[in-house]
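For reference, the structure is listed below as structure tokens.
The residues of the chain are indexed from 1 along the displayed sequence.
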Amino acid sequence: MQRGLAAALAEVRSLGFATGLHTAGIYPARLAAVLPLLDWVGFDIKAPFREYASVVGCDAGALARTSLETLLASGVPHEIRCTVPPDFDAAALMRLREDLNRIEISNLTLQECRLPEKQGDCARLSYSV
């Protein structure tokens, strides 16, 4: 979302540091502009693309898909992950798997949704889709 991100990344790289970005990909053009300045991207998938509105409150699934395809084409190392909400059922996970398989993604990291009453780190596991 930050319009000054490209300049900040360029400055950090000029100092000899590696750069990384965590994103949900709702601004595909902005992501494409900064990909050449990134050494790694953590990309958060919220739901099957057609079901984004039910999770995030707006229909951003097509934007996320465009960003994800752009990321994959860039060759920048990345991790694709999904924080699984308590009501995310097995059928939704299968629909997400189908979406990701269509764009040739075979690895997805699932993170347990941390509810306010729970403490500690998100549970993470690697999952082949």
Separation between CG of D44 and OG1 of T23, rounded to the nearest 0.5 Å: 8.0 Å

How about L93 and L110: do any of their side-chain heavy atoms sit closer than 4.5 Å? yes

So do the side chains of D99 and R50 get within less than 4.5 Å of each other, counting heavy atoms only? yes

Do L21 and L5 have side chains that approach each other closer than 4.5 Å (heavy atoms only, starting at C-beta)? yes

Could you tell me which non-hydrogen atom of I26 sits nearest to which non-hydrogen atom of A60, and how far apart they are? CG2-CB, 3.9 Å

If you measure from CD1 on I105 to CG on L96, what distance do you get to the nearest 0.5 Å? 9.0 Å

Can you name the nearest heavy-atom pair linking Y52 to K46, along with the distance? OH-N, 3.0 Å

Close side-chain approach of F17 and E11, heavy atoms under 4.5 Å: no

Atom CZ in F43, atom CG in L108: separation rounded to 0.5 Å? 11.5 Å

Quick one: side chains of residues 66-76, donor-acceptor pairs under 3.5 Å with protein atoms, not counting sequence neighbours, listed by atom name and distance.
unit_1 : atom_1 : unit_2 : atom_2 : d
T66    : OG1    : A62    : O      : 3.0
S67    : OG     : G25    : O      : 2.7
S67    : OG     : L63    : O      : 3.3
E69    : OE2    : R65    : NE     : 2.9
E69    : OE2    : R65    : NH2    : 3.4
T70    : OG1    : T66    : O      : 2.9
S74    : OG     : L71    : O      : 2.6
S74    : OG     : V76    : N      : 3.1

Give the minimum heavy-atom separation between A18 and V12, together with the two atoms involved. O-CG1, 4.3 Å

Nearest atoms (heavy-atom pairs only) where A92 meets P48: O-CG, 3.5 Å

What residues form a side chain to side chain contact (heavy atoms under 4.5 Å, CB included) with A6, not counting sequence neighbours? V34, L37

Shortest non-hydrogen contact between V55 and A47, atoms and distance: CG2-CB, 3.6 Å

Any chain of hydrophobic side-chain contacts (each under 4.5 Å) joining W40 to I45? no

Roughly how far apart are D39 CG and H78 NE2, rounded to 0.5 Å? 14.5 Å

Would you please name every residue forming a side chain to side chain donor-acceptor pair (under 3.5 Å) with R95, sequence neighbours left out? E51

